[in-house]
Amino acid sequence: MSERRKPYPFDEFEPKWQAIWQERQLFHVPNPGEKGFDHSKSKFYVLDMFPYPSGAGLHVGHPEGYTATDIIARYKRMRGLNVLHPMGWDAFGLPAEQYAIKSGQHPAITTRENVAKFKNQLKRIGFSYDWQREINTTDPRYYKWTQWIFLQIYNSWFNPATNKAEPISTYRGKNPDEVRLAYVADVPVNWCPELGTVLANEEVVDGKSEVGGFPVVRRPMRQWMLRITAYAERLLDELDGLDWPQGIKLLQRNWIGKSEGAEIDFKIDKSDQKIRVFTTRPDTLYGGTFLVLAPEHSLVDLIVTEEQWPAVREYRERTARKSELERVDLSKDKTGVFTGAYAINPANNKNIPIWIADYVLIGYGTGAIGGVPAHDERDLEFAKKFDLPVVIVVQPAGNEPAMGFIGEGVAVNSPMIDGLTSADAKRKITAWLEERGQGKRAINYKLRDWLFSRQRYWGEPFPIIWEDGSHRSLDESELPLVPPPLEDYKPIGTGEPPLSKAKDWIRYSEKATRETNVMPQWAGSCWYYLRFCDPNNDQRFVGEQAEHYWMGGVKPGGVDLYVGGTEHAVLHLLYARFWQKVLFDRGYVSKPEPFQRLVNQGIILGEDNQKMSKSRGNIVNPDDVIDLYGADAFRCYEMFMGPFEQMKPWSMRGVEGVSRFLARVWRLLMAENQRGDWELSAKIKETDASKPQQKITHAAIKKVTEDVESFSFNTAISQMMIFVNAFTGAEAIPLSSIRVFLILLSPFAPHIASELWETLNGKFTDARGDITQQSWPVYDQQLLAEEEVEIVLQINGKVRDRMKLPIGITNEEMKSAALVNPKIQERIAGKTVRKVIVVPQKLVNLVV
RNA sequence: GCCAGGGUGGCGAAAUUGGCAGACGCGCCAGACUUAGGAUCUGGUGGAGAAAUCCUUAGGGGUUCGAGUCCCCUCCCUGGCACCA
């Protein structure tokens, strides 16, 4: 059986051009001060979210974003910009370590192999990365600086007076360890026994580990934390200046979860203690008929009465045993126990019972709430279950029932504020409490400090040593701190990190030992966009000049365009913003935000419309597609599938269709000779383009240019198809038109465009150099203008006829033309035309 | 439950400010070339109808001369959050 004939010889010229690009280092962009740097050009930094190089290799989802950024990068270069378009590897992470546990192979080896595989796959697609800037988070030359940045965070504190991070040396308090942006705390953490490590809140989904889906339990442990909460307000406010999808901004806002209200102190009856609660509705204070503490609340021990002790102890134990999943199960009934103690409602001096219940979370607010059952769903449920009193204190505006009403209305049954709107009542009550020292305005955030340590091997070791129970940082000169080789990477299971097995490594001096935790995978990706600006600098994490140039500009964010999946909407994007702000405050970088414009790609589903997964067997491997149809067809199909940001299914038929389009492009310029070799078609001539040909060429320039700018790659390709359809079958193809077309095509299908361009240069001398060195064409509005316009004739809004009329026709002329149109006359015969609507150059609508 | 984004032919999808619904591609149908066609080229292709014509953007209502587009209600899908006081 003969091999299926290729529709065009992509298998010959695609590798050829990839080799040429590499040889000539065509996409390498020098830094300011380096040889070949062009000062006259402005910069454009276009970045992909770099991948974790897994053993499975690329799937078709990765290149979707990469193709888009590659098109933008190639387009911007042709528009005369210095384009920074780098790629690297986020290579610390669990899979390599899990593999090491199974096989004993060092994760560095696994990582090296996987990186090589990924890189080969990316190169086959023809991306125009500047490979001289390749970075790898597991390279000591890289993580030396990750550790260095950690030291800057460790040696900083957040000064509320200046609202920014400052060197710890400027802190005037007695214990700087209490305010460092990196600190150690005994905190209840998400311990995952299966993975043998602690996880960040963000890594726990529905009470299970995001990786692997293993159960996660709460357990107090000594951990490194980063004080991201200090930046909550700025992380919230400074979203405003970013060109991000509204949805992503909203996700971050919700994650930060700012709520404004008041903290109110409740005196405890027959005790000196008081309980502080947080509420967003101080106006409902009169309706507070009980208090609820989280079971873990530290005051519980002090207030519980003798006879309630057994019940309280039993309840706390039961709660502690519950998994996170059980505890947050919304469908379950409210539970709780009376402590036997009473508090005094400051508004009306009434004694109200104090309960503990697990629907109150220790981690939010003060870990205690005032129960206002009439105006809070949860409190109402609790009050009903335990038969606690309910007092209505807010009257809704409409005829909604006041019982259970949680919106804003007018205060009632509240002597001090009766008749006030909720907003006014809040202000008045808060002011009153403040005067009496029983409360104050308060703001709470859902955002928690970032649990920054992991009990793993394959991560950045902390540049920290311990001596006599206290920690201090390594000197900068001791970086990078490289992890020791291990025989056995297995977690110990107790929560002791694997590094604790390396006894020699741990011993720093007679008295001092090394920290054995490692940083989470997020660490490396928090600043990689900075390193790309100056990846080989061994004096600084990024050279000042390079940082200033590539991250510069008038907008708050340094990277001009950042493309990746929505899965990083809160985690990576929030962490990176946080690090950037610390570095900014400390004067190391020039921008407060890392990423100016963010675009999310949609997920690519399998042909069966299901998420691609190994178990479903619907994974598409880019290599297979490229073998069959070539890299250009692969790239163009990824862009032609549908709107970039939308979820969409893969279709091999679709790839075939796009491949046919490229074959038509090929045959537009190339013809097969007697021997069966391809040669430049005799139809390509240095003739002037006809009017329609000019029009279609300029329509293509306009549409492709606008669509590339707006990420509408699918319609850009449609327009190029229209061009090819129009020129297919033409007797002569004007060289000038086809040159323009090839330039438009080149960001999408760079190999075929390069090959055809070179072939043209072999015969014609009107242009010089590679297609990548050409400048982007500009369209001429004059050539797009029609001589005639088609006017739509409607009666009562329904299309009845169309007619061609000369351009520039007046509304009055359109109206008369419509009225004498035979079809229209026929239809309006015997009726009165009540109204005529004329849309200039477009439509006439008669109302009868 | 709350928030966000969606729902347009057999399929992927187009459609400035409200102004010709279905561009482009897939699939399908017909024709041409051909020993051959799973190649290529040409034409057709939302539905109903012999036709005039009517119907059609998840469903219902509204605003408007005119609605895929704006407003209200309902249903469905996808993603996120989820006892956050």
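Lettering follows sequence order; numbering is per chain, from 1.
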Touch class at under 4.0 angstrom, heavy-atom based, for [X] against every strand present:
X      : value
A/V360 : base
A/S651 : nothing
A/L361 : base
A/R276 : nothing
A/S259 : sugar-phosphate
A/G654 : nothing
A/R800 : sugar-phosphate

Salt bridge or not for [X] and [Y], using N-O below 4.0 Å?
X      : Y      : result
A/E263 : A/K440 : yes
A/D240 : A/R253 : yes
A/E731 : A/K683 : no
A/K385 : A/E381 : no
A/E408 : A/K426 : yes
A/K648 : A/E64  : yes

Phosphate OP1/OP2 of [N] contacted by [X] side-chain N/O (<4.0 Å):
X      : N     : result
A/R660 : B/C24 : no
A/R253 : B/C81 : no
A/N725 : B/G25 : yes
A/K611 : B/G79 : yes

[M] and [N], which share atom name [atom1], separated by this distance in whole Å:
N     : M     : atom1 : result
B/G68 : B/U74 : P     : 23 Å
B/C26 : B/C73 : C1'   : 37 Å
B/C70 : B/U17 : C1'   : 12 Å
B/C75 : B/A85 : P     : 28 Å
B/C11 : B/G46 : C1'   : 13 Å
B/G18 : B/U64 : P     : 16 Å
B/A48 : B/C72 : P     : 36 Å
B/A14 : B/G7  : P     : 9 Å

[X] [atom1] to [N] [atom2], straight-line distance once rounded to whole Å:
X      : N     : atom1 : atom2 : answer
A/E377 : B/C83 : CD    : P     : 13 Å
A/I248 : B/C3  : CD1   : P     : 18 Å
A/Y359 : B/G1  : OH    : C1'   : 17 Å
A/M720 : B/G25 : CE    : C1'   : 13 Å
A/I603 : B/G79 : CD1   : C1'   : 8 Å
A/D801 : B/U53 : CG    : P     : 10 Å
A/L251 : B/A4  : CG    : P     : 11 Å
A/Y637 : B/C26 : OH    : C1'   : 9 Å

(message) Consider side chain to side chain contact (heavy atoms under 4.5 Å, CB included). Of A/N345, A/V277, A/I275, which one does A/I264 pass it with?
(response) A/V277
(request) Tell me, please, whether A/Y445 has A/K258 positioned over its six-membered ring: NZ or CZ under 6.0 Å from the ring centre and within 45 degrees of its axis? (result) no
From [options], pick the nucleotide closest to the side chain of [X]?
X      : options             : answer
A/I722 : B/C24, B/C3, B/U40  : B/C24
A/R653 : B/C24, B/C81, B/C26 : B/C26
A/K835 : B/U53, B/C65, B/A85 : B/C65
A/R827 : B/A85, B/U53, B/C83 : B/U53

(request) Specify the closest pair of heavy atoms between A/T366 and A/R276, including all atoms of both residues, with the distance to one decimal. (result) OG1-O, 2.6 Å
Should we count [atom1] of [X] as having more than 12 external heavy atoms under 6.0 Å?
X      : atom1 : value
A/R800 : CZ    : yes
A/E706 : CD    : yes
A/K384 : NZ    : no

(message) Reading RNA chain B from 5' onward, which residue's closest nucleotide shows up sooner: A/Y445 or A/G729?
(response) A/G729
(message) If you assign A/D376 and A/I717 each to the RNA chain B nucleotide with the nearest heavy atom, which residue ends up on the more 5' nucleotide?
(response) A/I717
So [X] and [Y], would you call those rings parallel, tilted or perpendicular, with 30° and 60° as cut-offs?
X      : Y      : answer
A/W666 : A/W678 : perpendicular
A/W355 : A/F386 : tilted
A/F723 : A/F741 : parallel

(message) Give the dot-bracket line for RNA chain B from 5' end to 3' end: parentheses for intra-strand Watson-Crick or G-U pairs under 3.5 Å, square brackets for crossings, | for inter-strand pairing, dots for unpaired.
(response) (((((((..(((......[....)))((((((.......))))))(((....)))..(((((..]....))))))))))))....
(request) Name the orientation of the base relative to the sugar in B/G9: syn if the glycosidic angle is within 90° of 0, else anti. (result)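 This nucleotide is in syn.
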Quick test: give all pairs of protein nitrogen or oxygen and nucleotides 31-36 of chain B nitrogen or oxygen below 3.5 Å, distance rounded to 0.1 Å.
none

Taking only N/O atoms, report every protein-nucleotides 13-22 of chain B pair under 3.5 Å with atom names and distance.
from  : atom 1 : to     : atom 2 : distance (Å)
B/A13 : OP1    : A/Q646 : NE2    : 2.7
B/A14 : OP1    : A/N714 : ND2    : 2.9
B/U17 : O4     : A/K842 : NZ     : 2.9
B/G19 : N2     : A/Q794 : OE1    : 3.2
B/C20 : O2     : A/R802 : NE     : 2.9
B/C20 : O2     : A/R802 : NH2    : 3.2
B/C20 : N3     : A/E790 : OE1    : 3.3

